[in-house]
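Heads up, the thing below is written out as structure tokens.
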Amino acid sequence: MRRTLVIIKPDAVMRGNAGQLISRFERKGLKIVGMKMEQLNEVKLNTHYQHLKDKPFFPELVKFMSAIPCILMVLEGKEAVSVVRRLVGTTLGREADVGSVRGDYSMSNQANLIHASENDEAAEKEIKLFFKQEELWNYELITFEWIYSSSERGK
Ligand code: IDP
Ligand code: MG
């Protein structure tokens, strides 16, 4: 099983979409192992969006992401990183596949409701950046028995 970081961005919180978005992850069969609300500061956003620092839209992105609190989640499942990226859809909401979060809710290249880690390496770094060890919960999700085959669960 793998873990990935999801941020429900300020636009989704402000538009009242958080519950519906959390539901999408639950109904897919992902396990919530961490969840909290936090207003992200510039220091953390500089680290998180390091790869975009030289882009002209970077200052606007930081302003948007720090405007109000976000909801941060860590989700667990088999190949969780790529599964969640597909559920979220491509960056530009206007062109994202219908059925994906961005395809269903977004018209924008910035206000696209959700951040999801891009690969396993990024997920590990991002989870460390936003969550303390004691904020990640180890519990058995008994529905996994009905979500996966026994060989997929490694049992
Ligand atoms: P991703 O969120 O799909 O992984 P990235 O390229 O990593 O996309 O960009 C991070 C975030 O920066 C995007 O989700 C979006 O909010 C914002 N962003 C990306 N490209 C643009 C742009 O061209 N204009 C404004 N904001 C952008
Ligand atoms: Mg990205």
Side-chain angles (χ1 to χ4, degrees), residues 1-137 141 147-148:
M1 298 283 166
R2 296 283 178 173
R3 288 179 173 186
T4 190
L5 180 86
V6 161
I7 303 176
I8 300 180
K9 295 184 181 186
D11 55 327
V13 173
M14 192 57 94
R15 289 169 62 186
N17 292 327
Q20 294 164 48
L21 301 180
I22 294 166
S23 270
R24 283 187 170 219
F25 297 122
E26 286 187 313
R27 82 180 182 192
K28 179 66 174 169
L30 290 147
K31 174 181 172 182
I32 301 170
V33 297
M35 185 153 89
K36 64 180 178 180
M37 212 167 186
E38 182 178 327
Q39 189 153 7
L40 303 180
N41 62 34
E42 205 177 323
V43 177
K44 265 192 197 172
L45 287 166
N46 279 338
T47 308
H48 179 61
Y49 282 135
Q50 224 166 2
H51 62 295
L52 299 171
K53 256 187 152 165
D54 298 327
K55 300 279 186 195
F57 60 81
F58 186 74
E60 198 191 353
L61 175 62
V62 171
K63 199 172 164 208
F64 159 66
M65 287 296 295
S66 59
I68 62 162
C70 293
I71 294 168
L72 296 97
M73 304 175 75
V74 177
L75 300 176
E76 189 176 284
K78 209 157 177 64
E79 294 168 28
V81 172
S82 56
V83 167
V84 171
R85 287 286 288 192
R86 279 199 300 279
L87 284 176
V88 169
T90 50
T91 310
L92 174 56
R94 291 190 292 281
E95 287 177 5
D97 286 344
V98 172
S100 68
V101 169
R102 289 167 173 176
D104 286 355
Y105 291 81
S106 169
M107 287 293 284
S108 171
N109 59 8
Q110 180 185 74
N112 56 13
L113 293 102
I114 285 190
H115 164 82
S117 308
E118 195 158 340
N119 52 49
D120 286 331
E121 197 193 337
E124 204 175 312
K125 271 194 214 150
E126 291 174 0
I127 291 167
K128 274 207 187 103
L129 177 65
F130 291 107
F131 281 83
K132 296 185 192 124
Q133 194 55 45
E134 63 266 29
E135 292 174 323
L136 299 173
W137 300 93
L141 194 64
I147 289 167
Y148 296 106

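In listed order, ligands and their atoms are each counted from 1. Basis for what follows: all heavy atoms, side chains included, without hydrogens, waters or symmetry-related copies. Keep in mind the model is a prediction, meaning the values are calculated, not measured.
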Check: [X] side chain, [Y] main-chain N or O, donor-acceptor pair, under 3.5 Å:
X	Y	answer
Arg94	Met107	yes
Arg85	Ala116	yes
Ser117	Leu5	yes
Glu60	Phe57	no
Arg15	Tyr105	yes

Less than 4.0 Å is my threshold; does some heavy atom of [X] fall inside it relative to ligand 1?
X	value
His48	no
Met65	no
Phe64	no

*What atoms in ligand 1 come closer than 4.0 Å to a heavy atom of Leu52?*
9 (O), 10 (C), 12 (O)
_Within ligand 1, which atoms have a heavy atom of Leu61 less than 4.0 Å away?_
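Near Leu61, meaning under 4.0 Å from one of its heavy atoms, ligand 1 has 12 (O), 16 (O), 17 (C).
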*asked:* Below 3.5 Å, N or O to N or O, backbone or side chain included: is there any such pair between Thr91 and ligand 1?
replied: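 Indeed, backbone or side chain, Thr91 has an N or O that close.
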_Any N/O pair Lys9/ligand 1 closer than 3.5 Å_ =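 Such a contact does occur with ligand 1.
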Could you tell me the residue and atom name of the protein heavy atom closest to [atom], and the distance to it rounded to 0.1 Å?
atom	value
atom 16 (O) of ligand 1	Gln110 O, 2.8 Å
atom 4 (O) of ligand 1	Arg85 NH1, 2.9 Å
atom 7 (O) of ligand 1	His51 NE2, 3.1 Å
atom 2 (O) of ligand 1	Arg102 NH2, 3.1 Å
atom 15 (C) of ligand 1	Asn109 O, 3.2 Å
atom 20 (N) of ligand 1	Phe57 CZ, 3.3 Å

*Between Asn112 and ligand 1, which part of the residue brings a heavy atom under 4.0 Å of the ligand: side chain, backbone, both or neither?*
side chain
*Kindly indicate whether the side chain of Asn46, heavy atoms from C-beta on, has any atom under 4.5 Å from the side chain of Phe58.*
yes
*Row check, Phe130 ring normal vs Lys44 NZ/CZ: under 6.0 Å, within 45°*: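 Checked: cation-pi criterion not met.
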*With rounding to the nearest 0.5 Å, note down the distance linking CG in Leu75 to CZ in Arg3.*
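Those atoms lie 10.5 Å apart.
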*asked:* Regarding Asn112 and Lys9, do their side chains bring together a donor and an acceptor under 3.5 Å, going by distance alone?
replied: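 Yes.
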